[in-house]
A.B. asks: 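Right, I'll just put the structure down here and ask away after.
Small disclaimer: the values here were computed from a predicted structure and weren't measured. Values below: every heavy atom of this structure, side chains too, minus hydrogens, waters and symmetry copies.
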Amino acid sequence: MPAFKAPAPGFSVRFSPFHEHRLLAAASQHFGLVGNGHLLVLDLSAAAAGPAPAPAPLFAFPTSDALFDCAWSESHESLCAAASGDGSVRLFDVALPPAQNPVRLLREHAREVHGVDWNPVRRDAFLSASWDDTLKLWSPDRPASVRTFRGHEYCVYAAAWSARHPDVFASASGDRTARVWDVREPAPTLVIPAHDHEVLSLDWDKYDPSILATGSVDKSIRVWDVRAPRAPLAQLAGHGYAVKRVRFSPHRQGMIMSCSYDMTVCMWDYRKEDALLARYGHHTEFVAGIDMSVLVEGLLASTGWDEMIYVWPFGSDPRAM
């Protein structure tokens, strides 16, 4: 599959849970510091058959401020959420023309929204993580948040729902902790002093609901069993700079995808002594977004500040596709 050229540095990519050839991406001018954002929906089937340049996006919507993350709805095939630098969460219906979008503008956070994640079990709720140190629970049918979660002492960079428990999620923060929450409780049920530096990302194992991976500014990935969190189950060292995102595979137990400011994407199996399975150096700037397809086993995607979006099968060279 050929690479796509984004209109600005890329920050996030997400495969659709409904359409195996559809990819959502968020990009922002001037590395998210100032300028516009862009929400894109790409058709991978059209791109696969044709030579470069890749076809135009199915949906392209410019925003007045940076976009740092995006997430597909788990209940509606054309609905998605985007995290904005102006403190808003924007809901888009990509089946509607850009003039009718966003379909909802949710303004409650006091600072940049850096992460969004949709509940894959309950499917009628999503989370936002903000630099105002809070997380918020939303329903797409409500004009205001359902609940606000406080407890972090610095910016919250990411939130991730459990793949098994409809009420459980985790959050990553600049206060160097990962926290586990239950939406029925006002305070976190577990606080993990996960790293010695800021925690930028985290994700739950799709096969074992007790396993959580965290990625940090300290260049490492740590894997935790939340039932016994005093020490990590594994520490994955191999990136040269901060680990921006981590993702567990939906198809292979123990497999983790990561990306870093060292301009690489890595694949790991944390249960193995030689944990590093593959390293990809196809980007020429910071890699900020990664994902693995739920519908197509082994299909990977990445985006970075070089304004490129790559899609490739595990085991292949992204630049040769």
A.B. asks: Are D269 and R271 within salt-bridge range, i.e. N to O under 4.0 Å?
C.D. replies: yes
A.B. asks: If two hydrophobic side chains count as joined below 4.5 Å and joins carry through other members, does L276 share a cluster with V223?
C.D. replies: yes
A.B. asks: Any side-chain to backbone donor/acceptor pair from D69 onto G115? Under 3.5 Å, distance only.
C.D. replies: no
A.B. asks: For W204 and F169, I'd like to know if the aromatic rings sit close, meaning centre-to-centre distance below 6.0 Å.
C.D. replies: no
A.B. asks: What verdict does the side chain to side chain donor-acceptor pair (under 3.5 Å) test give for H195 and T214, after you've listed the backbone C-alpha separation in whole Å, the side-chain angles of each residue and the deciding distance to 0.1 Å?
C.D. replies: CA-CA 9 Å; H195 294 265; T214 56; 2.8 Å; yes
A.B. asks: Rounded to the nearest 0.5 Å, what separation is found between the CG atom of L42 and the CZ atom of R22?
C.D. replies: 10.5 Å
A.B. asks: Please check if any side-chain donor atom of S171 sits under 3.5 Å from a side-chain acceptor atom of H152, or the reverse.
C.D. replies: yes
A.B. asks: Using atom types as modelled and distance alone, determine if a side-chain donor or acceptor of E198 lies under 3.5 Å from a backbone N or O of V217.
C.D. replies: no
A.B. asks: Ignoring hydrogens, what is the shortest heavy-atom contact between G85 and E112? Give both atom names and the distance.
C.D. replies: O-CG, 3.2 Å
A.B. asks: Taking the six-membered ring for Trp and the single ring otherwise, decide whether the centroids of W312 and H282 are under 6.0 Å apart.
C.D. replies: yes
A.B. asks: Would you say S78 and H76 are linked by a side-chain donor-acceptor pair, where the criterion is simply a distance under 3.5 Å?
C.D. replies: yes
A.B. asks: Do we see a donor-acceptor contact under 3.5 Å between the side chains of D182 and T189?
C.D. replies: no
A.B. asks: Once side-chain hydrogen bond (donor to acceptor under 3.5 Å, both in side chains) is applied, do any residues pair with W72, and if so which ones, sequence neighbours excluded?
C.D. replies: none
A.B. asks: Quick check against the 3.5 Å criterion: does W118 have a side-chain atom that pairs as donor or acceptor with the backbone of R123?
C.D. replies: yes
A.B. asks: In terms of side-chain heavy atoms, does S162 have a donor or acceptor partner in R164 at a distance below 3.5 Å?
C.D. replies: no
A.B. asks: Report yes or no: do H109 and S88 form a side-chain donor-acceptor pair below 3.5 Å?
C.D. replies: no
A.B. asks: Before we go on, tell me: are the rings of W131 and Y154 under 6.0 Å apart, centre to centre?
C.D. replies: no
A.B. asks: Do H114 and S130 pair up side chain to side chain, a donor and an acceptor below 3.5 Å, judged on atom types alone?
C.D. replies: no
A.B. asks: Do the charged groups of R104 and D93 touch, with an N to O distance under 4.0 Å?
C.D. replies: no
A.B. asks: Checking R279 side chain against G238 main chain: does a donor-acceptor pair fall under 3.5 Å?
C.D. replies: yes
A.B. asks: Below 4.0 angstrom, N of the basic side chain to O of the carboxylate: do E307 and K5 qualify?
C.D. replies: yes
A.B. asks: For a quick check under 3.5 Å, do S84 and D65 share a side-chain donor-acceptor pair by atom type?
C.D. replies: no
A.B. asks: Taking only Lys NZ, Arg NE, NH1 and NH2, and the carboxylate oxygens of Asp or Glu, determine whether D133 and R150 approach each other closer than 4.0 Å.
C.D. replies: no
A.B. asks: Hey, does the side chain of T303 reach the backbone of M308 with a donor-acceptor pair shorter than 3.5 angstrom?
C.D. replies: yes
A.B. asks: Closer than 3.5 angstrom, by distance alone: can the side chain of D175 be matched with the main-chain N or O of E153 as a donor-acceptor pair?
C.D. replies: yes
A.B. asks: Tell me whether R122 is salt-bridged to D167, with the criterion being a basic N under 4.0 Å from an acidic carboxylate O.
C.D. replies: yes
A.B. asks: Pairing donors with acceptors under 3.5 angstrom, does anything connect the side chains of D306 and H283?
C.D. replies: yes
A.B. asks: What residues form a salt bridge (charged side-chain N to carboxylate O under 4.0 Å, His left out) with E108, not counting sequence neighbours?
C.D. replies: K136
A.B. asks: Any chance the rings of H239 and Y261 have centres within less than 6.0 Å?
C.D. replies: no
A.B. asks: Say whether, by atom type as modelled, one donor and one acceptor occur between the side chain of R179 and the main chain of I192 under 3.5 angstrom.
C.D. replies: no
A.B. asks: With sequence neighbours left out, what residues match R142 under salt bridge (charged side-chain N to carboxylate O under 4.0 Å, His left out)?
C.D. replies: none
A.B. asks: Is any NZ, NE, NH1 or NH2 atom of the basic residue among D262 and K244 found under 4.0 Å from an Asp or Glu carboxylate oxygen of the other?
C.D. replies: no
